[in-house]
2 protein chains.
Amino acid sequence: MSSYSSGESATSVATAVLRNEPVQARSTARLTSLLDAAAAVVDGIGFERLTTAMIADRAGSSIGTVYRYFPDRIAVLHALSGRSMTRFAAEGIPAIESPDRANWLEAVEAALQYWVGAFRSEPGFRALRFGDVLDLQPRAGDRTNNGVIAAALVSVLSSRHGLEANDELQFRVEVALELCDSLLARAFAFDRNGDARFTDEALTVARGYLIGAYGNPASDA
Amino acid sequence: MSSYSSGESATSVATAVLRNEPVQARSTARLTSLLDAAAAVVDGIGFERLTTAMIADRAGSSIGTVYRYFPDRIAVLHALSGRSMTRFAAEGIPAIESPDRANWLEAVEAALQYWVGAFRSEPGFRALRFGDVLDLQPRAGDRTNNGVIAAALVSVLSSRHGLEANDELQFRVEVALELCDSLLARAFAFDRNGDARFTDEALTVARGYLIGAYGNPASDA
DNA sequence: TCGTCACCGAACGGAATTCGATCATCAGGT
DNA sequence: ACCTGATGATCGAATTCCGTTCGGTGACGA
């Protein structure tokens, strides 16, 4: 009945949304350019105003090609958020696993810092908020993106820092991410570079929340 | 330079989204029924699937009338969230001002409890999350809904509980609301009645956050 | 050179939005 | 009281915009 997962699921994300898997080289490039285009537009005008025509234009392709790969407009956004998440897992998690992290708190802080960086520089990242905003009528049991990231973090925290990987830890990490996410969204809502007051507070809050639950590992030394 | 406000602004909210202000009695009634219709539909199917035709039908009017008052479909949603906020201020704030609240913490907790109740029973409330979700490209200086509610809370906290109404307090209350909001949204995402694990955690987090900043007033007695 | 992969863009359908015609209310003049 | 012009309010067919489909054409690999 345990709902947390243990590691590799973080990298195996929603590519199932595609209608056709690209086979030839040019088509994988096309797919990439479609997602890049969507990311760029979404950063500029927000996901609600993103039209399929805009994606096609900016990617230098036609509307039909968009629909060769994606079942509908929303699927593009889901794929984009999936790609961001995969990148986050592929690049961020190893950085967090670095032996430099003396304890779980440092690992978490590294993850959050990395996350803020993604808000700043990863196209489409801030506009989608990991895509959870799109899950307007989610079915119970659906995995949220934050849930998947949380699972990856949990696996690092348990395998390298001695925390027990159970539902409670998964829940708390998920909550911490949710908290951070909301403040970061606010931080970047008006300020393209992130209002420092809110980005700082996001890190402080998440930190405080987890320390409240698990104690401060630095002072246990 | 102070950005907090001191009370009455909480009731003067975004009616500026209207194309035409209603003048005669029948038109104010019409406007109300349009918003009621939107709220009912939005609760059922989510704001993305809400069509202008549905609003008109359910309100017993025509599409053209919708557009007499609102510049576009999204504006209806903004107005709806504005009305929810106004109600929250009009009904919730007095409840919070009750002399029963021994200290600021109890006032805040009452506010949050009231908020959870609104998620449960106020039509359209949970679907819109105070409408901030829709603010995809807000202009700098725009007031967020949470910001306005925070201002109202700040005025209660300062006038009745001795906290100094300054930018810092406004900021912290806003952050607390944002934190609560994100967890409540999550709590109600799958469960129409609110997943207790997340609603509880929302209150705990907001409480812990403010106590961390201002101390526990109960233990000062 | 055949079969499949990719791509295109006109055409279709539904939803958003416009706009001029029509009805209702109100003020004030007789 | 009644008329009357002005303005408020409503309507809904027409238009425009956008998501999505589909049949046709070009490109790649065996």
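Computed from heavy atoms alone, side chains included, the values below leave out hydrogens, waters and symmetry copies. Protein chains get the first letters and strands the later ones, always in sequence-line order, with residue 1 at the start of each.
As rounded to whole Å, 14 Å separates atom C1' of C/dA6 from atom CZ of A/R19. Taking atom CG of B/L50 as the reference point, atom C1' of C/dG14 lies 15 Å away to the nearest angstrom.
B/R68 meets the salt bridge (charged side-chain N to carboxylate O under 4.0 Å, His left out) test with no other residue; sequence neighbours excluded. In this structure A/A150 satisfies the side chain to side chain contact (heavy atoms under 4.5 Å, CB included) test together with A/Q170, A/V173, A/E174, A/L177, sequence neighbours excluded.
Scanning DNA chain D 5' to 3' for nucleotides with an atom closer than 4.0 angstrom to a non-hydrogen atom of chain A gives a first and last hit of D/dG19 to D/dC28.
Here the closest heavy-atom approach between residue B/V66 and residue B/T52 is recorded as CG2-O, 4.3 Å.
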Task: Steps toward ring pair (Phe, Tyr, Trp, His ring centres under 6.0 Å) verdict (A/Y209, B/Y209) - done: CA-CA 8 Å; A/Y209 174 73; B/Y209 173 72; over 10 Å; no

Provide a list of protein-nucleic acid N or O atom pairs under 3.5 angstrom, restricted to nucleotides 19-28 of chain C.
residue : atom : partner : partner atom : Å
C/dA24  : O4'  : B/R26   : NH2          : 3.4

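Residue-to-nucleotide proximity on DNA chain C shows that, of B/D72 and A/T65, the 5′-proximal contact is made by A/T65.
For the segment residues 51-63 of chain B, the set of residues with a heavy atom within less than 4.0 Å of an atom of DNA chain C comprises B/T51, B/T52, B/I63, in numerical order.
With respect to the salt-bridge test (charged N to carboxylate O, under 4.0 angstrom), the residues A/E109 and A/R101 do not qualify. Salt bridge annotation for B/E201-B/R197: absent, with no cationic side-chain nitrogen under 4.0 angstrom from a carboxylate oxygen.
Looking at heavy-atom distances under 4.0 Å, A/R68 makes contact with a base. Contacts of B/F70 with the nucleic acid, taken as non-hydrogen atoms under 4.0 Å apart, are absent.
Legend: salt bridge (charged side-chain N to carboxylate O under 4.0 Å, His left out) pairs involving residues 82-96 of chain A, not counting sequence neighbours, sorted by first then second residue: A/D36-A/R83, A/R87-A/E122.
Separation of atoms CZ (A/R207) and SG (A/C180) is listed at 12.5 Å; rounding is to 0.5 Å. Rounded to the nearest 0.5 Å, atoms CG (A/L183) and OG1 (A/T204) are 9.5 Å apart. In this structure, B/R126 CZ and B/R192 CZ are separated by 5.0 Å, a value rounded to the nearest 0.5 Å. Distance check: A/F171 CZ to B/F198 CZ gives 4.5 Å after rounding to the nearest 0.5 Å.
For B/R73, whose side chain is taken as the heavy atoms from C-beta onward, the closest listed nucleotide among C/dA6, C/dC7, C/dA16 is C/dA16.
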